[in-house]
Amino acid sequence: MAMIERFANPNRFLTLTRPLVPWLGGLTLLSLGAGLYLGLFQAPADYQQGESVRIMYVHVPAAWMAMFCYTSMAISAAVGLIWKHPLADVAGKATAPVGAVFTFLALATGSLWGKPMWGTWWVWDARLTSMLILFFLYIGYMALSNAFDNPQRGAKAAAILALVGFINVPIIKFSVDWWNTLHQPASVIRMDGPSIHPSMLWPLLLMAIGYTLFYLWVLIIRMDADVTAGKIRALRQRRVHG
Amino acid sequence: MNTISSFLDMGGYAAFVWPSFGLSAVLLIGIFVISVRTLKANHATLDALNNEAERASPSEGPAQGET
């Protein structure tokens with residue numbers, strides 16, 4: 001809790017996080033560069049899926065990030081609702097569009113992978129449908145948080161949606177075990193360890209690290225922009241009310 | 001030359017592999033650019049408001065927490 005309180009002042013938070021921006025940018029580009037090099041040039045083709053397996057290096061990290069961003073958003077929502085932390089709503093609002101982009105990418109690249117492997121762009125099975133619901137939850141969160149004149153009311157309504165919608169995250173994760181599906185089961189995050197060969201696992205992990213760093217990079221930039229927008233609003237209101 | 005074209009062909013899956021990578025690059029770069037532009041525009045607006053306030057009443061100074 002002490003750690004959370006230390007960051008309660010938006011100005012202190014920005015003073016501490018702004019110097020991280022160039023570092024996060026550099027590390028993001030380094031991880032993604034290494035991941036792309038290994039994934040496109042060094043990793044072997046799959047014995048069944050051939051070269052189409054390379055879609056995995058952009059599809060799987062996007063799907064992981066879609067769930068990771070939603071989990072961050074739900075945690076921010078809980079912190080905002082329970083402790084009224086001033087930065088929690090800012091973090092949730094800054095995360096939503098990035099999470100929506102990752103979810104859209106997981107759906108689109110999954111579709112591009114599904115067509116040659118399954119013979120169809122889309123099926124209404126549990127994994128794909130729950131992922132589509134996640135995308136709509138992100139859209140709903142963004143719509144709600146901007147639907148009120150008073151930003152705090154919007155943030156509260158959006159936070160409640162984020163918390164209720166969190167039930168979808170474990171459903172996505174376990175959908176491939178609970179229901180019959182065309183989608184393959186987990187091959188990296190498993191109780192008995194990854195079942196994927198290191199030559200494919202390393203580029204996948206580097207891409208996942210790169211996507212995570214990218215999220216943190218953009219998160220700080222977007223939070224800075226939102227805190228600044230809040231200052232502009234306050235200044236204008238002060239001027240209107242004399 | 002042959003190696004490049006066989007690499008680009010992606011074993012016959014080029015029409016699926018390259019759009020996946022291309023779309024990922026476009027959307028991630030897109031949200032990054034939008035975020036940076038919004039940040040710069042907000043900083044510029046806040047600076048302009050603070051400068052106006054300073055001109056109007058030099059004794060008050062800029063708003064607390066200026067960028």
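Quick caveat, the model's predicted, so the values are computed rather than measured. Excluded from the calculations below are hydrogen atoms, water molecules and symmetry mates; all remaining heavy atoms, backbone and side chain alike, are included. Chain letters run A, B, ... following the sequence lines, proteins first and then strands; every chain starts at 1.
Only the side chain of B/Y13 comes within less than 4.5 Å of a heavy atom in chain A; its backbone stays farther off. Contacts of B/A15 with chain A are made by backbone atoms alone, with heavy-atom separations under 4.5 Å and no side-chain atom involved. Both the backbone and the side chain of A/V98 come within contact range of chain B, each with at least one heavy atom under 4.5 Å from a heavy atom of that chain.
Residues B/L49 and A/R239 form a side-chain contact, since some pair of their non-hydrogen atoms from C-beta on lies under 4.5 Å apart. Contact check for B/T38 versus A/I221: no side-chain heavy atoms found under the 4.5 Å cut-off. Between B/N42 and A/D226 there is no side-chain heavy-atom pair separated by less than 4.5 Å. You'll find the side chain of B/H43 reaches within 4.5 Å of the side chain of A/D224, heavy atoms only. Using a 4.5 Å cut-off on side-chain heavy atoms (C-beta onward), B/L39 and A/M223 make no contact.
Closest approach of A/S52 and B/V17 over heavy atoms only: CA-CG2, 4.0 Å. Of all non-hydrogen atoms in B/S24 and A/L105, the two that sit nearest each other are CA-CD2, 3.5 Å. Nearest heavy atoms, B/S35 versus A/R222: OG-NH1, 2.8 Å.
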Pairs under 3.5 angstrom only: tabulate donor-acceptor contacts from the side chains of residues 24-41 of chain A to other protein residues two or more places apart or in another chain.
from, atom 1, to, atom 2, distance (Å)
A/T28, OG1, A/L24, O, 2.6
A/T28, OG1, A/F214, N, 3.4
A/S31, OG, A/L27, O, 2.9
A/Y37, OH, A/Q42, NE2, 2.9

Dump the intermediate steps for side chain to side chain contact (heavy atoms under 4.5 Å, CB included) on A/I55 and B/M10, then the final yes or no. CA-CA 11 Å; A/I55 296 173; B/M10 277 287 150; over 6 Å; no
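Contacts of residues 107-123 of chain A with chain B at a heavy-atom distance below 4.5 Å involve A/A108, A/T109, A/L112, A/K115, A/P116, A/M117, A/W121, listed in sequence order.
At most 12 heavy atoms of other shown residues, nucleotides or ligands fall within 6.0 angstrom of atom CH2 in A/W202. Counted within 6.0 Å of CZ on B/F21, heavy atoms from surrounding residues, nucleotides or ligands total more than 12; the atom is thus considered enclosed.
In this structure, A/K231 NZ and B/N50 CG are separated by 9.0 Å, a value rounded to the nearest 0.5 Å. In this structure, the separation between OG1 on A/T228 and NZ on B/K40 is 13.5 Å, given to the nearest 0.5 Å. Distance CD1/A/I232 to CG/B/L46: 5.5 Å, rounded to 0.5 Å.
Across B/L27, B/L28, B/D9, B/L23, the residue that shares the most heavy-atom pairs under 4.5 angstrom with chain A is B/L28.
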